[in-house]
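Each chain gets a letter, A, B and so on, in the order the sequences are listed, and its residues count up from 1.
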Protein chains: 2
Amino acid sequence: MVRQANAPSRASTSPSSSSAHSITDVAALASVSIATVSRVLSGKRQKDDDIARRVRQAAEQLNYSVNVAASSLRGAGTRTVGLVIPSATDEFAAQLLDALESAADDRDSQVLLGVGGTKALQTARVESLISRNVDGLIVLPATGADLTPILERHAGRIPIVQIGNGRRSRNYSQVSLDELLAMEQIVDHLASLGAKTVAYMAGRKVSFESAEQFSMLHTQLRSFGLETKAAWNQFGDQTVQRGYDCAMRIFAQDKPDAVICCDDKVALGVIVALHSLGLRAPEDVMLVGQNNAPLCETASPSITTLRPPFEQIAEESLRLIAQGPNYPSEVSLTSQLIVRESTVGTATTRQITAR
Amino acid sequence: MVRQANAPSRASTSPSSSSAHSITDVAALASVSIATVSRVLSGKRQKDDDIARRVRQAAEQLNYSVNVAASSLRGAGTRTVGLVIPSATDEFAAQLLDALESAADDRDSQVLLGVGGTKALQTARVESLISRNVDGLIVLPATGADLTPILERHAGRIPIVQIGNGRRSRNYSQVSLDELLAMEQIVDHLASLGAKTVAYMAGRKVSFESAEQFSMLHTQLRSFGLETKAAWNQFGDQTVQRGYDCAMRIFAQDKPDAVICCDDKVALGVIVALHSLGLRAPEDVMLVGQNNAPLCETASPSITTLRPPFEQIAEESLRLIAQGPNYPSEVSLTSQLIVRESTVGTATTRQITAR
DNA sequence: TTGTAGGCGTTATCAC
DNA sequence: GTGATAACGCCTACAA
């Protein structure tokens, strides 16, 4: 797109010279000292005179780029952040990953990855990333994994950001989602559409997040005057099957006005169940998911969901890392309600959906 | 898990000393020269005598680990491989990522990530990863993106592996999937279960892979004596909605014995459609997906799918990278058929499904 | 403003 | 087999 491969614009497209050039070569070609090259290329020089131009052109011509290893050896950062996630197949992790990579690229640093689904594996990944001298570490702990021991051990040396509402130490930063506000948005939305009774399919019982969400939901239901039933509030896996099973059981004898799911996959299972029961969303039941999985948009009907602000999470994490290890802080962000057909039907969808 | 945070086993658990120790400290503590430390720790030494033990213990005690920046500056590789993917929310990319990270960790190197959904973005990521001196580059091109220009420019300097069946150059390696064998497995499986007529929901028309799969399918159908119809063979998106729409259209007037989908999301859409049409899988229609998305296992019925050998892909890619840039080769791997309820029903599932 | 020189932590090359 | 020492490429006081 940028360059034609076979456009011999000059001799510049030479794949010839064996190893990469160093700052010395650039200095020689521009007839200046390596110090000057360093200053020009790192922007620590005001004027844009002939020298600066010569240096830049020489660098361009030699296809030169700074050797990060040498640079970071000297003292500056590695322009590298570590990210530890349970798995890339986790929808939340995947979206976070995409957002973080993009944000990191903007500050021209890069993402070094660690994947581990258990406390032991994640701990090992944290160790190896830190031994790589990453400038900072962003950790999305696996469900139920308490990484405070290992993170605390390193919190003083390197900035660490934990994503999510799990247990954390006061020694490192945390970026989390405001569950109360999240639930308020959902319940408000449902109430404004006339819902009176609400079922809730929660996440795994052991999870800190599940418990918090569950509590916040009931706070909001009370505050908006909506009702629920014990039998409609159960913990379970975040799978399509679970949503299907739950919905089949509930709708066999009851009919809540709305169903809130802890995850979009669950919501999709509910949709399948509704299909086979001859019920429709949103006419018969309104449905809300969470996490903005790609399948939400393409489901039929498309699923109203709560989208975590991945870009913000990424930006804030990098900002906290840039602050260094001595200012641990706690940031709480707000998810955005993406309104789709499963609560408002086909007609009004496009108008309401923001973004 | 490995260590108790608050077990004062000695003074060793000291989070005190400000910056990390260097090889000099280890040498001093072990009363040997830094050269010896280097040799012992890098395994370039035969004997396991007292000296070796002393060095290792000193390293352990100081919580020392080699500085990768310095190490790679001196000449050895960076023990880092670059991975470029279109997005982590792509199921294939996510599973590849997980497998690669694990395989890389086994050879104690790490994955530096580049995410980009367009040719331009991917090109930029390739550039920055290479300027980071990665030991090798693994690229999963975005759909329809031909990265040969940029990859070719660097193929001589650094080993490059392209994943997938897209266009490539003879100057770098490729790891791809054997589509013919894949289709043979699927069609064989369906034929052995008595299917006579088969519908196929292909991928995007522009995609090289789609075209190849389409061709291979027809080869295999012919070879097994199965039949299809032009109206049952259409290109389209890899979305749940697409599967739903396609199925509704087809089953409105026809009833093939089996449906093969280019992706599990599409298959899921088909399941939803079947539900609402009152049809069942596999009794009324057999259904096969591709890519082993997590939702396959938890769908109802669970979906028979073709699982790309992610671990093998990762291993082969790293092996090719280890060989260096001068031996570009082409490796073709075989997907594995994961048999689930959507073709064989509930009874026999567990017996047949291999791992 | 520019150049010179020293040092970051390692590994490779020499002498011993 | 071991130890001193010279690179590796870069940045940054310090001197000019």
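Atom CG of Leu41(A) and atom C1' of dC11(D) are 13 Å apart (whole Å). Between Asp50(B) atom CG and dT2(D) atom P the separation is 11 Å, expressed in whole Å. Across the protein-nucleic acid pair, Asn133(B) atom CG and dC8(D) atom C1' stand 12 Å apart, rounded to whole Å. Distance NZ (Lys44(A)) to C1' (dT12(D)): 8 Å, rounded to an integer number of Å. Atom CD1 in Ile34(B) sits about 12 Å away from atom P in dA6(D), given to the nearest Å. In this structure, Arg39(A) places its CZ atom 14 Å from P of dC14(D), rounding to the nearest Å. When rounded to the nearest whole Å, the span between CD1 of Ile23(B) and C1' of dC8(D) equals 15 Å. Spacing between atom CG of Asn67(B) and atom P of dT11(C) amounts to 9 Å, rounded to whole angstrom units.
Put simply, Thr36(A) has a side-chain N or O that comes within less than 4.0 Å of OP1 or OP2 on dG3(C). Between Arg45(B) and the phosphate of dT2(D), there is a side-chain N or O to OP1/OP2 separation shorter than 4.0 Å. Between Ser38(A) and the phosphate of dC10(D), there is no side-chain N or O to OP1/OP2 separation shorter than 4.0 Å. The shortest distance between the side-chain N/O atoms of Ser33(A) and the OP1/OP2 oxygens of dG3(C) is below 4.0 Å.
Inter-residue side-chain proximity for Tyr64(B) and Leu29(B) is flagged as unmet; no heavy-atom pair is nearer than 4.5 Å. Within the 4.5 Å cutoff, the side chain of Arg56(B) has heavy atoms near those of the Val40(B) side chain.
Looking at Arg74(B), its side chain has no donor and acceptor atom pair within 3.5 Å of the base of dG9(D).
A salt bridge does not link Arg53(A) to Glu60(A): none of the charged nitrogens lies less than 4.0 Å from a carboxylate oxygen.
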